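Residue numbers start from 1 in every chain, and the chains themselves are labelled A, B, ... in the order their sequence lines are given, proteins ahead of strands. This one's a predicted model, so the numbers in the text were calculated from it and none came from an experiment.
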There are 4 protein chains.
Amino acid sequence: MNTARPLLACCLALALLPAAAHEPVTRARTTVNIPDIPGYVTLKCDFHIHTVFSDGQVWPSVRSEEAWREGLDAIAITDHIEYQPHKADLTTNHNRSFEIASATGDDLGLIMVKGSEITRKMPPGHMNAIFLTNSASLAVTEWRDAVRIAHQQGAFIFWNHPGWDAQLKNNNVVWYDEHTWLLDQGFLQGIEVVNGRAYYPEAHKWAIEKKLTMMSNSDIHQPLNLDYHVHDGDHRPITLVFAKERSLDAVKEALFARRTAVYSANRLIGDEQFLKPIFENSVKFNRPSLNLKGTKKVLLQISNASDLDYELERVADLAEAKVPKSLTLPARQTVLFEVSAKADAPAGAKQLEPAYRVTNLLTGPDQPLIVKLPLEANFTSGK
Amino acid sequence: MNTARPLLACCLALALLPAAAHEPVTRARTTVNIPDIPGYVTLKCDFHIHTVFSDGQVWPSVRSEEAWREGLDAIAITDHIEYQPHKADLTTNHNRSFEIASATGDDLGLIMVKGSEITRKMPPGHMNAIFLTNSASLAVTEWRDAVRIAHQQGAFIFWNHPGWDAQLKNNNVVWYDEHTWLLDQGFLQGIEVVNGRAYYPEAHKWAIEKKLTMMSNSDIHQPLNLDYHVHDGDHRPITLVFAKERSLDAVKEALFARRTAVYSANRLIGDEQFLKPIFENSVKFNRPSLNLKGTKKVLLQISNASDLDYELERVADLAEAKVPKSLTLPARQTVLFEVSAKADAPAGAKQLEPAYRVTNLLTGPDQPLIVKLPLEANFTSGK
Amino acid sequence: MNTARPLLACCLALALLPAAAHEPVTRARTTVNIPDIPGYVTLKCDFHIHTVFSDGQVWPSVRSEEAWREGLDAIAITDHIEYQPHKADLTTNHNRSFEIASATGDDLGLIMVKGSEITRKMPPGHMNAIFLTNSASLAVTEWRDAVRIAHQQGAFIFWNHPGWDAQLKNNNVVWYDEHTWLLDQGFLQGIEVVNGRAYYPEAHKWAIEKKLTMMSNSDIHQPLNLDYHVHDGDHRPITLVFAKERSLDAVKEALFARRTAVYSANRLIGDEQFLKPIFENSVKFNRPSLNLKGTKKVLLQISNASDLDYELERVADLAEAKVPKSLTLPARQTVLFEVSAKADAPAGAKQLEPAYRVTNLLTGPDQPLIVKLPLEANFTSGK
Amino acid sequence: MNTARPLLACCLALALLPAAAHEPVTRARTTVNIPDIPGYVTLKCDFHIHTVFSDGQVWPSVRSEEAWREGLDAIAITDHIEYQPHKADLTTNHNRSFEIASATGDDLGLIMVKGSEITRKMPPGHMNAIFLTNSASLAVTEWRDAVRIAHQQGAFIFWNHPGWDAQLKNNNVVWYDEHTWLLDQGFLQGIEVVNGRAYYPEAHKWAIEKKLTMMSNSDIHQPLNLDYHVHDGDHRPITLVFAKERSLDAVKEALFARRTAVYSANRLIGDEQFLKPIFENSVKFNRPSLNLKGTKKVLLQISNASDLDYELERVADLAEAKVPKSLTLPARQTVLFEVSAKADAPAGAKQLEPAYRVTNLLTGPDQPLIVKLPLEANFTSGK
């Protein structure tokens, strides 16, 4: 029916100055929906961030505002020690950017981590030291001294963008003796598996082999919106930290204890002990059991409460029943899951456990997580 | 840093047939986030829907598919009894469209309600009878007979689009003697306060005065996407039903008991007993108490878990503290709520209860809901 | 500066009934931006469409409304002759769906093509006959007779979805003797290279070898919005027809003359004589010439007026200058194109013609179009 | 039909590392579609912009990058002379921010205008002086001296945000004697009618009465994306400059000659001589003439090539024909325009000129532009 009184009438009457098509932008925070796991809260963090105080393009307070709006829990400001291209215009005080950023961050309830980037040619390349007490002390000639001083301040130290093309050797990502030295001294705890939009399979492998904490950071220089379409769900890389609570100390404890995972684009990368409960706490069927009568199809519904689109591929056919060969579980939506008994399935109750590869959840390079979707099925004959 | 190995590398290598920019559309259901209220589940329903079997443009199964995808719980198929413009091509069986729609709806777990639209000139205009057992019986000459027959089938009957311009009297929305007769006979239980994009303040007033159930329905004829940008959050009008459980019987019980509210565009319309708990179950502060030291500003954070953007305006200034004059709480986001003590506020603990009008939640025509935002404040002197 | 009088003031004053967040959907047509080519207008067409009169889900007029809104120029209604699952409810008149659809289509200025789908098991599978005068005549027992009758009506006939999995032979797409017979008789003029979201490389190859017209059609059954996110730029497959004018006769002439290309997702597929001028008429530099002083980088700007994102990869390095190795030209946007002289480039004027593969424009299976980007460069020494 | 070979197949095969859901953000420029007018190009400009060198939050080069991406032609960097809150950390050189911004702006082909904000309490409030040669000279005690020095440098000077609430007098926007003095001396050429999201009707009136150039500027301090959802079409306020060519000198000439208009949200504000040709060059019917047979409805199509949604309301009924009472012409789309002869319309050819108010194009406060839509109609009798 055409209708007499549109809800818009109030504005049409005011036609000389109609309402703006776009509301003013409100300062608003959007949650990142990745569930907690048993025993830990899942904190969303970015530990590699620049400001005008090194080669970044924004005032430090912008970094806190961006992180708050994007739903992060913790950030580290990590301006370069050795590279300050704005120094003709700006103070060279290495502690200053954190000071400014944390004033805003504290007001917004962010966990603010003080850091610096030790910026050297390869080897050893660039390293971030975070949880520093005084960044200025790192401004020394020898990189080994800088690392030692950071370590003495209790810092967590990680190797940045090991696969950065400007520092490759004959186009290869290389683990040098210098990295072995750092590891042996207990000076190196983590490694960036993802930096910006780049994923380094070698770093992923080394993190597993050498027991380094996996990091996933933006290394952002510009206003974040110039590099990521955050309004369209294009998020910066995030280090998921599985912490005992939402506090600075708990973040630090978790990093040293290697309880992290990588959240980059539509992927999670990390140990099965973290990825599996994230998946399991994201996904559920609308009902745990189903009656399969003859070979009639039954539609279950499967929901995904997280912000990831899970991509599933069946590992193997089931003996008794047909289940989907592949399946996408879109973020914050529910999809259909069709089950039917095979013609020769015996009658009776039976626990089905179809196994799927989640192709965007990686426990190692090229190694997708395997999950099982448990279903109580009751098979009966007839139509 | 520029990076060596983009995550996209796998596809760039395949450049001759890169991945599609757009994934195929999956059959997926999006939840409508309006919280439950104490004692009841909040079901999302549309009780006025057409198909090709009257003057609609889609096969009945489409209506179930659309409703499932859009997160509805219950729909009524309500083709016209007296108006069948496709009858030269199509069967005139009044029960057929429900039969087809419910096959799909049952598979998808929707609550399917059988209805018909009794389609007469004004008075009494158009009425929907829902929870029918046999639509065909309503095809009689006298509208009073049709209504009586529907009533005898146990139907819930409501007046459709009372403000439809094609049926106005000198441009006025009129309550006729015929409507009084319907009411007196116990034949009329509800009224559309919203139909499509039209809101009828008179119908709203009558619903309150005459104790009619408030309805908000789409009256959709075309594919729903041609009338609503559902991908951009432009939802059809929805009747919220506060039911004891998610079942056909519970929906019927709630409708007769007048436990409904209108959800149209970014507005809720209904009784305070329903709107207030919806607001309260949607919104929360990040912490219940705050320390106000001197006149320093403190930033609280306030979250809204619902799909509505709540628009708040302060009813009155507080004696002791400054709080925001107006505030938007965007759907599924968190915003800042700035509080500061006034200069002359006495020291000590004090419960603050700033009152706000929620201008898009209406308990009557032009009557916004008033809510209080309780805060435990502790006032101390100093800076 | 914070500002005193927001443009929204008019509405805030009206807070009791603020404007709807979403405007009512207007019936509006969005242009498909693919440029014309020399001598021809580029018409956007879909020649495979179903309605409730066979196994589709919408009334025929919806197909015209959808096509008009989506910027199409011509559509064919092609209900199945042999498959009418709604026949218990609906007339079996094979001419009826076109009659209804064209009433709306004519009003909207669409070119309406009468068609039918001859629906047989493989071989020969399904075929569309379009530009029919009487669909009912095709309801005969032998498919060869149906094709002959269509041909006698002057129809253009094409093979539908040759790679449809329900009709494969041991999972292979097969050209049967029956197809050779059709071709030899002059009964088969075209082939679907794309149907829905499927691309058939074999059909692509056959279209080239056997001089068949390439078709790209939706084969849509549901409301189009349920299969394509048209609000987000996810378009149905389109057959581009290069016609002498925008008329029914010109479309028919062009189809018989094999002047078509496939537009599916973000790809064009077709002969170089069509793809090259489309690219060239889409893309231009902000200036035709540039001065290269020493090895200093110069930023040209390159614009793409079409709706395609062109994906370019450099074929080979240039002797004198550095140009981008790969480049995306996003739809309706301008990007930067960085050029610099190589250190040993001789001074003087020089026409540069860097060659690029456009990886989403295919002239054959796995065969991207090669384009040259002509630039007048003037090399001088110095900084 | 279900289809055998999805275009996505190449990626599904690569399931262990599927393509990212979001492509990396490319540096890309989006055109602002507002047509040129006879004799002039329509340049899109923002003459009020801050950086870290006063109280802004970004490095100056960001301002050029943002402006280029958003389709602007010219920007002025206008840091405060008297307000440098970052001066403990940063140089106080008033010429420095322009120097940095213009290096990037020149590379990107932007017209870069050097400016400064003379920042005083009211009266006279804040003023921007643009086209300066040396900003440092403006750092003097007396504001009259600062203005005089700017004037001597050939600057164009305008009053910023006259309705800024922090500088109102008893909540009123006031024209002071100081402003009269500025005007009389020839020191004041323009006034901000829009600043950020605020529109000042008084300034609009004064611009008309006192022959000041109308300005519409962002006064942006943060990264622009934190204040405007530029990805969703929420643009900053823009001063449209009608210039003889795209050059710095031509912008300056046009500003002194008062050839500007305001483009803010979905509104244009300015003189009829500019707004009318913009409308006329944006909008056109699909055909200039129509045959009206009896009272049968005819559907014309009307297109709008601009980025504005034009909102039309009919000024008066036509004697001979029915035309739409109100109409929205959405940006870059085509809508239907229904015409029918009235029952008593005489036969014969007749030029129709229905007049419409364009309610979002203002030639004065509360004064919408009136446009005529010329149509050649031929009336004939019959059905």
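- If you run ring-ring contact (aromatic ring centres under 6.0 Å, His included) between C:Trp59 and each of B:His50, B:His221, B:His86, only B:His86 comes through.
- Residues B:Val25 and C:Asp227 come closest through the heavy atom pair CG2-O, 3.1 Å.
- Options B:Arg69, B:Glu66, B:Gln222, B:Arg27 differ in how many heavy-atom pairs under 4.5 Å they form with chain C, and the most are formed by B:Arg69.
- In this structure, C:Val52 and B:Leu90 have side chains that are not in contact, with every pair of non-hydrogen atoms separated by 4.5 Å or more.
- With contacts defined as side-chain heavy-atom distances shorter than 4.5 Å, the pair C:Pro223/B:Val62 qualifies.
- Interface summary for chain C: among B:Leu224, B:Leu226, B:Val358, B:Leu361, the most heavy-atom pairs under 4.5 angstrom belong to B:Leu226.
- Residues forming a side chain to side chain donor-acceptor pair (under 3.5 Å) with B:Thr51 (at least two apart in sequence, or on another chain): B:Asp79.
- Residues C:Asp89 and B:Ile100 form a side-chain contact, since some pair of their non-hydrogen atoms from C-beta on lies under 4.5 Å apart.
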